[in-house]
Amino acid sequence: MFQRRAVRHRLLRLYDAALSALGPQHWWPAETQFEVAVGAILTQNTAWINVERAIANLKGARLLSPAALARVPFGELARALRPSGYFRVKARRLKAFIQHLWSHHGGSLRRMLAQPLPTVRAELLGISGVGPETADSILLYAGNHPIFVVDAYTRRILSRHRLVSPKASYEKLQRLLMANLPSDPALFNEYHGLLVHVGKEFCRSRPRCETCPLKFDLQGRPPKL
Ligand code: SF4
């Protein structure tokens, strides 16, 4: 019990320190729920800047809607997604997602996301090419469901701070965060964005602890690399 309180306390202090040093992250950068879902599928294995270019192509070609993506031929879609890398794979994944949306929810993402969290999560994970990080990004950032999105930065930061093993599974990391933080989508949203910011700017392969706002939590010990 004491250990659980200590973990909870540390996680909340890490959050407060990152937020006061870096400010709100306004993540996810998208105009609509549907754009969040498309971005979550396209961001696998690529930098966000490349996703932005692919989304700009989709917008420019008036393809960023469930109806247009259902109609567009595969080759045309793949060409529009070229900047996002692995563009044929991503075109296939996007088509699979859209097909699912039409066959189960009349093309309405809102209707799909209005289901209870366990139902919609299981459904998303059943779509070809949708893994836990993509599913949880859609659930949290498009659906406002209380679920923590775990990524490589989360793993790196929490393991360097000895809160979890570097080899912990996605589910174990997610459980650690969700069992110790209030179940609040706004908190999970901001916390994930802050971890991404810390990971990009400070917690790189060679960590920059000296200037990092989370250094206090190492309590004088070096990070566990
Ligand atoms: S850079 Fe250092 S202090 Fe900052 S999160 Fe990484 S290990 Fe922690």
Do [X] and [Y] have side chains that get closer than 4.5 Å, going by heavy atoms?
X: K224; Y: H161; result: no
X: Y15; Y: L195; result: no
X: Q174; Y: I147; result: yes
X: L194; Y: P24; result: no
X: V89; Y: R92; result: yes

Euclidean distance, [Y] [atom2] relative to [X] [atom1], rounded to 0.5 Å:
X: H145; Y: F188; atom1: NE2; atom2: CZ; answer: 13.5 Å
X: R88; Y: R79; atom1: CZ; atom2: CZ; answer: 9.0 Å
X: E190; Y: L22; atom1: CD; atom2: CG; answer: 10.0 Å
X: R71; Y: E76; atom1: CZ; atom2: CD; answer: 11.0 Å
X: M112; Y: L139; atom1: CE; atom2: CG; answer: 8.0 Å
X: L69; Y: L63; atom1: CG; atom2: CG; answer: 6.0 Å

Between [X] (side chain only) and [Y] (backbone N and O only), is there a donor and an acceptor less than 3.5 Å apart?
X: S108; Y: H105; answer: no
X: K95; Y: A70; answer: yes
X: T134; Y: V130; answer: no
X: R156; Y: C203; answer: yes
X: R82; Y: A78; answer: no
X: K215; Y: C209; answer: no
X: T43; Y: G39; answer: no
X: S84; Y: L81; answer: yes

Self-check item: Pairs where residues 61-93 contributes a residue and the test ring pair (Phe, Tyr, Trp, His ring centres under 6.0 Å) is met, not counting sequence neighbours
Solution: none
Self-check item: Atom CD of E31 with >12 non-hydrogen neighbours under 6.0 angstrom
Solution: no
Transitively linked via ILVMFWY side-chain contacts under 4.5 Å: [X] with [Y]?
X: L158; Y: F216; value: yes
X: M178; Y: V196; value: no
X: L19; Y: W27; value: yes
X: F97; Y: L125; value: no
X: F202; Y: Y153; value: no

Can [X] and [Y] be counted as an ion pair, charged N to O under 4.0 angstrom?
X: R10; Y: D217; value: yes
X: R208; Y: E201; value: no
X: E52; Y: K59; value: no

Exercise. Could you tell me how the ring of F148 sits relative to the ring of Y191: parallel (under 30°), tilted (30 to 60°) or perpendicular (over 60°)?
Key: perpendicular
Quiz item: Parallel, tilted or perpendicular: which fits the ring planes of W48 and W28, with parallel below 30° and perpendicular above 60°?
Solution: perpendicular
Where [X] and [Y] come nearest, the two heavy atoms and their spacing:
X: I138; Y: A37; result: CG1-CA, 3.9 Å
X: V198; Y: C212; result: CG1-SG, 4.0 Å
X: L109; Y: Q33; result: CD2-O, 3.5 Å
X: R160; Y: L218; result: O-CD2, 3.9 Å
X: Q44; Y: A40; result: CG-O, 4.1 Å
X: A91; Y: L77; result: O-CD2, 3.8 Å

Exercise. Determine, stepwise, if the pair E35 / T32 fulfils side chain to side chain contact (heavy atoms under 4.5 Å, CB included).
Key: CA-CA 5 Å; E35 188 177 328; T32 63; 3.3 Å; yes
When you check the side-chain N and O atoms of [X] and [Y], is any donor under 3.5 Å from an acceptor?
X: Q25; Y: N189; result: no
X: D136; Y: Y170; result: yes
X: Q115; Y: E123; result: yes

Quiz item: By side-chain contact (heavy atoms from CB on, under 4.5 Å), which residues pair with K172, not counting sequence neighbours?
Solution: A168, S169, R175
Exercise. Report the C-alpha distance between V150 and E171 in whole Å, list the side-chain angles of each, state the deciding distance to 0.1 Å, and finish with yes or no for side chain to side chain contact (heavy atoms under 4.5 Å, CB included).
Key: CA-CA 9 Å; V150 170; E171 287 69 27; over 6 Å; no
Exercise. Please step through side chain to side chain contact (heavy atoms under 4.5 Å, CB included) for the pair V149 and T154, ending with a clear verdict.
Key: CA-CA 9 Å; V149 179; T154 318; over 6 Å; no
